[in-house]
There are 2 protein chains.
Amino acid sequence: MKEVLPQLNSTFSIDCVLFGFDEGELKVLLIERNEEPFKDWWALPGYLVNENESLDQSAARILHELTGIENVYMEQFYTFGDVGRHPQGRIISVAYYAMLRLGGDKALKPISNYAKQAHWINVKELPPLAFDHQKIFDQGLEKIKRRIKHQPIAFELLPEKFTLTQLQNVYEVILGKKLDKRNFRKKMLSFNVLKDLNEKQKGVSFRAATLYRFDKRKYGKLFGKEISF
Amino acid sequence: MKEVLPQLNSTFSIDCVLFGFDEGELKVLLIERNEEPFKDWWALPGYLVNENESLDQSAARILHELTGIENVYMEQFYTFGDVGRHPQGRIISVAYYAMLRLGGDKALKPISNYAKQAHWINVKELPPLAFDHQKIFDQGLEKIKRRIKHQPIAFELLPEKFTLTQLQNVYEVILGKKLDKRNFRKKMLSFNVLKDLNEKQKGVSFRAATLYRFDKRKYGKLFGKEISF
DNA sequence: AATATACCGTGTAGATATTACACTAAGTAA
DNA sequence: TTACTTAGTGTAATATCTACACGGTATATT
């Protein structure tokens, strides 16, 4: 830092709100802290930004370190900079969210020792969170509620092949309300971004549903037009 | 900063995209820099954050120092943190936008000497901008394009008493397209947030239009419902 | 084999919202 | 008086949204 810029130097951190969907519930990834302050409290995964990485890179690195997951699109949604938000000094935190596919294959890797453990927690049963993380989480949830109406982010929570009922569940859980089955299907199919795989669900104890896949190429053609739920 | 947090200390700043509306044009406030780097270049008004202020407070202070204007609602929209964005070191910048009422009474006060002058510039005729300010501006403009469809921010650009034609102009300029007069009026009035002042425009050389005022109390009652253009 | 169970998948009618479109009224200026 | 400029208004056609119920099909159970 040159002498022309004498002002406040502050520490920067990233906090991540990672959403997952499992067993019909919306989950968020929390860690149990192993360090003061807020030792033993639950918190959003987050860490300090390194010198030579952009914010986006830093968010990707932190996600990788905590979960082993790579190549996930993360989106910055707000920066929290209240003076007293961190008891150890002026720390400004840039918050990101991401939507993750859960399920068997992608278990969470052991994480760095600043946390004891990481768990997917139902967003309806959140424990008290460290720092201002409740506020960050709330704002992240608001963000995806708005975004899911206009952007194809719901698909990122589901396996590649999914049924329309599963997709509707994602919308219902995030928006917090029931949707009409026929109207939902009519509208969703009308966007023409779902590929019917001519394939049925397996391993269910009732009539199997048709599987679909989100078709990015077709979605690209919609560019500019507004999707709206 | 305590020893528990050894990582990156970075300087951070606020940059403001201040929108104004004048003579049917959308304007943005730019300053001409009086310091290296980018001496003599045009830039968005912005400055370094002080130690004891929150980001919101800092944005309000910087706006005040540059324009003399107070009590304007500013909204944070993105944080720019690419490694090379500032030639003098790692500076992370939190960007805010605000919508300002221009016109006679609220002239710009003399500003601190890091800038030679400040001017309202038509957004269609922007000069080359310092740093990554073009990117910041572009993103700010995108933000208000999206926001104007759902939030009552257009009124903030107009005098307290305005005509429906003026309001339509604001929408047309920001959205970058012509709107149908009858449909615009029908829809805008249907929201029931405009108070007819039973008063006519003055000083125009043609038939005077009815003046309206935005009614915040009525708008409050809409809370939760989505407005959509 | 018959039956129960559970979810899948589909259509329509009424209400509401959106779009496209053109002329008369009112005030000012010459 | 006339010319000019903007204000202000309605309707019909179309598209979208909403509410709503039942037969089909695979599995599990007896």
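For clarity, every value in this text was computed on a predicted model and none was experimentally measured. Letters A, B, ... mirror the listed sequences (proteins, then strands); counts begin at 1.
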Of Ala208(B) and Ala208(A), the one whose nearest nucleotide on DNA chain D sits closer to the 5' end is Ala208(B)
Can you check the Asn183(A) CG to dC20(D) C1' distance for me, whole Å?
9 Å
Just checking Thr163(B): base, sugar-phosphate only, or nothing, at a heavy-atom cut-off of under 4.0 Å?
nothing
Taking only the side-chain nitrogens and oxygens of Ser205(A), find out if one of them lies under 4.0 Å from OP1 or OP2 of dA6(C).
no
In whole angstroms, the gap separating C1' of dA20(C) from NZ of Lys177(B) amounts to 15 Å
Closer than 4.0 angstrom, basic N to acidic O: yes or no for Lys161(A) and Glu199(A)?
yes
Using whole Å, report how far CD1 of Ile227(B) lies from P of dA17(C).
14 Å
So, applying side-chain contact (heavy atoms from CB on, under 4.5 Å) with Ile14(A), which one of Ser93(A), Ser58(A), Pro45(A) is it?
Ser58(A)
Does Arg185(B) make a side-chain N or O approach to OP1 or OP2 of dG8(D) shorter than 4.0 Å?
yes
Taking NZ, NE, NH1 and NH2 as the nitrogens, is one of them in Asp82(A) or Lys135(A) under 4.0 Å from a carboxylate oxygen of the other?
yes
Whole-Å distance between dA30(C) P and Phe206(B) CZ?
14 Å
What's Lys200(A) touching, base or sugar-phosphate or nothing? Going by heavy atoms closer than 4.0 Å.
sugar-phosphate
Please confirm whether any donor atom in the side chain of Lys186(B) sits under 3.5 Å from an acceptor in the base of dT19(C), or the reverse.
yes
Atom-to-atom span, OH of Tyr212(B) to P of dA7(D) - whole angstrom:
12 Å
Rounded distance (Å) that lies between atom P of dG10(D) and atom CZ of Phe184(B):
18 Å
From CG of Asp196(B) across to C1' of dG8(D) the rounded distance in Å is 12 Å
Is the phosphate of dG8(D), meaning OP1 or OP2, less than 4.0 Å from a side-chain N or O of Thr210(B)?
yes
dT28(C), OP1 or OP2 - any side-chain N/O from Arg207(B) closer than 4.0 Å?
no
Identify whether the distance between the nearest side-chain nitrogen and carboxylate oxygen of Arg85(B) and Asp132(B) falls below 4.0 Å.
yes
Under a 4.0 Å threshold between the charged nitrogen and the carboxylate oxygen, would Glu75(A) count as salt-bridged to Arg147(A)?
yes
I need the CZ-C1' distance between Arg182(B) and dG10(D), as an integer number of Å.
7 Å
What is the nucleic acid contact for Lys187(B), judged by heavy atoms within less than 4.0 Å: base, sugar-phosphate only, or nothing?
sugar-phosphate
